[in-house]
Amino acid sequence: MNFQNISTTVQLKGKPVKIHALCTGMVAVKTAFRAKKGSGPVAKINILLDDQFTEYMPIWVWIIEHPEGIIAIDTGEIIQAKDRANYLARESAYSRYLAQHTSKFMIEQEDELNYQLSTVNLKPWDISLVVLTHLHLDHTDGLKFFPNTEIIVNQFEFEHPYANLPTTYPSWFKPHLVSYQSDKIEVFEKAYPITQSGDLLYIPTPGHTNGHSSILFKTDDFDIIFAGDTSYNQEQLLRGELAGVNKDFRKSKMTYKNLINYALLHPVIYLPTHDGNSGNRLLHKTLL
């Protein structure tokens, strides 16, 4: 299955703002990786024992043509990840084993972000800011296209990474580390304002990793949550089904609760990175 890029327009202070959903290849994971089987350490062991893979899921990158600059949320995957024996040669044997036995990629050269940006008449140097939800390779591998662009990531995520593969980062990768500020938003309690206008916020959604963040965009008509890997699809959130790969199941449950409670207060479009329906929900403005 191929996932089509989506472009749409939202209203911000009465003016149109373009948002693009760009698919940078696809990933399949063990079924116990996506949906938790067992409790505690057993859930992790069951990922390795599982012999079934999910269907291929998209790897979305989100582009917001904001009045303050064009912003990329995550950077997607690159073709080198298909040959992980070589791509991860400098990682530990344990990390290589996990990567090669829990997921698989389907990606071609033209799926990479530099090619995908060209489909919406943009170039990598048009991007003024890259915001990372977390430090897993299918969110960071496209960093190579942005050597001169400001990149931000949550400081706690950077200092306490989980299941990241640092040898895949560009040698120049030194992101701007940011911390949440109190009383910037309801429910989540803390946020980091990405834009001076405060309509784009970095919010804490830990669980998948220690410092996983989502990006909340306050438009005139609804809020959009670019959710990274808080869940693998919207249905998983609504069912309360946790992913087996999550670092901290307790924090993941709290993140689910916060997302639902926020959606009870505000109209929300919820867009996880690997949800095959995220693009269409954005296009049709389908609320959580």
Side-chain angles (χ1 to χ4, degrees), residues 24-60 74-77 81-82 84 87-88 91-107 132-141 153-154 156-158 160-168 204-214 226-259 270-276 278:
T24 61
M26 296 182 287
V27 61
V29 298
K30 292 289 188 71
T31 57
F33 185 108
R34 183 169 70 180
K36 179 173 172 282
K37 296 179 181 177
S39 59
V42 174
K44 308 297 184 187
I45 295 170
N46 283 338
I47 294 174
L48 295 176
L49 296 177
D50 190 1
D51 60 359
Q52 297 294 318
F53 277 87
T54 66
E55 75 284 1
Y56 275 97
M57 303 174 288
I59 305 170
W60 297 112
D74 290 330
T75 63
E77 195 47 275
K82 287 173 66 175
R84 275 172 289 178
Y87 189 50
L88 304 181
E91 292 289 339
S92 70
Y94 176 71
S95 292
R96 292 199 308 271
Y97 180 85
L98 286 181
Q100 292 177 301
H101 288 82
T102 60
S103 62
K104 52 187 180 181
F105 292 106
M106 185 181 293
I107 181 170
L132 297 176
T133 58
H134 62 298
L135 295 174
H136 287 167
L137 83 168
D138 53 331
H139 300 256
T140 62
D141 273 351
V153 68
N154 174 25
F156 194 74
E157 171 71 6
F158 190 79
H160 303 276
Y162 169 68
N164 67 322
L165 298 164
T167 66
T168 63
T205 51
H208 180 69
T209 61
N210 289 308
H212 186 285
S213 301
S214 297
F226 301 96
D229 291 358
T230 52
S231 68
Y232 280 86
N233 52 58
Q234 179 168 283
E235 291 71 25
Q236 199 170 34
L237 170 66
L238 294 173
R239 290 195 302 267
E241 176 188 82
L242 300 178
V245 72
N246 286 346
K247 170 65 170 67
D248 190 317
F249 298 127
R250 181 186 61 82
K251 288 182 179 178
S252 290
K253 286 181 181 178
M254 181 57 67
T255 287
Y256 275 22
K257 181 180 178 181
N258 287 343
L259 289 166
Y270 176 68
L271 304 176
T273 294
H274 301 298
D275 188 337
S278 281

Legend entry - Sub-4.5 Å side-chain heavy-atom contact between Tyr56 and Lys104: yes
Legend entry - Any donor-acceptor N/O pair, Thr255 side chain to Pro206 backbone, under 3.5 Å: yes
Inset, instruction - Keeping the roles fixed (side chain from Lys37, backbone from Gly244), state whether a donor-acceptor pair exists under 3.5 Å. - result: no
Legend entry - Side-chain touch Leu137/Phe105, heavy atoms, less than 4.5 angstrom: yes
Inset, instruction - For the residue pair His139 and His134, categorise the inter-ring angle as parallel (less than 30°), tilted (30 to 60°) or perpendicular (more than 60°). - result: tilted
Inset, instruction - Measure the CG-OG1 distance between Leu165 and Thr140 for me, rounded to the nearest 0.5 Å. - result: 8.0 Å
Legend entry - Phe158 versus Pro161, closest heavy-atom pair with distance: O-CD, 3.5 Å
Legend entry - Reported OG1-to-CZ distance for the pair Thr273 and Phe226, which is rounded to 0.5 angstrom: 10.0 Å
Legend entry - Minimum-distance pair of heavy atoms, taken over all atoms of Asp141 and Ala81: OD2-CB, 4.1 Å
Legend entry - Asp74: partners by salt bridge (Lys or Arg N to Asp or Glu O under 4.0 Å), with sequence neighbours left out: none
Inset, instruction - Determine yes or no for a side-chain-to-main-chain donor-acceptor pair under 3.5 angstrom, with His160 supplying the side chain and Phe156 the backbone. - result: no
Legend entry - Any donor-acceptor pair under 3.5 Å from Glu157 side chain to Leu135 backbone: yes
Inset, instruction - Using modelled atom types only, decide if a donor and an acceptor are shared between the side chain of Ser278 and the backbone of Pro272 within a distance under 3.5 Å. - result: yes
Inset, instruction - Indicate yes or no: at least one non-hydrogen side-chain atom of Thr230 is less than 4.5 angstrom from one of Leu237. - result: no
Legend entry - Separation of Trp60 CH2 from Met26 CE (nearest 0.5 Å): 10.5 Å
Got a list of side-chain donor-acceptor pairs under 3.5 Å for residues 47-55, not counting sequence neighbours?
from	atom 1	to	atom 2	distance (Å)
Asp50	OD1	Thr31	OG1	3.4
Asp50	OD1	Gln52	N	3.0
Asp50	OD2	Thr31	N	2.9
Asp50	OD2	Thr31	OG1	2.4
Asp50	OD2	Ala32	N	2.8
Thr54	OG1	Val29	N	3.2
Thr54	OG1	Val29	O	3.3
Glu55	OE1	Arg34	NH1	3.4
Glu55	OE1	Arg34	NH2	3.2
Glu55	OE2	Arg34	NH1	2.8

Legend entry - Any side-chain heavy-atom pair of His274 and Ile59 under 4.5 Å: yes
Legend entry - Side chain proximity check, Leu88 to Ser95, heavy atoms < 4.5 angstrom: no
Inset, instruction - Over 60° means perpendicular and under 30° means parallel, so classify the ring planes of His136 and Tyr162, tilted if in between. - result: tilted
Inset, instruction - Would you please say whether a donor-acceptor pair under 3.5 Å links the side chains of Thr24 and Glu77? - result: no
Inset, instruction - Could you name each residue pair satisfying salt bridge (charged side-chain N to carboxylate O under 4.0 Å, His left out) that touches residues 242-256, not counting sequence neighbours? - result: none
Legend entry - Inter-residue atom distance Lys30.NZ - Thr102.OG1, 0.5 Å rounding: 7.0 Å
Legend entry - Donor-acceptor pair, side chain of Glu241 and main chain of Gln236, under 3.5 angstrom: no
Inset, instruction - Output yes when a side-chain donor or acceptor of Ser252 lies under 3.5 Å from a complementary backbone atom of Leu242, and no otherwise. - result: no
Inset, instruction - For the pair Arg84 (side chain) and Arg96 (backbone), establish whether a donor and an acceptor sit closer than 3.5 Å, ignoring hydrogens and angles. - result: no
Inset, instruction - Work out which heavy atom in Ala243 is nearest to a heavy atom in Tyr232; give both atom names and the distance. - result: CB-CE1, 3.7 Å
Legend entry - Residue that, paired with His212, satisfies side-chain contact (heavy atoms from CB on, under 4.5 Å) out of Thr205, Leu132, Asn246: Thr205
Legend entry - Distance-minimising heavy-atom pair for Asp275 and Asn233: OD2-CA, 3.3 Å
Legend entry - pair Arg239-Tyr256: side-chain heavy atoms closer than 4.5 Å: no
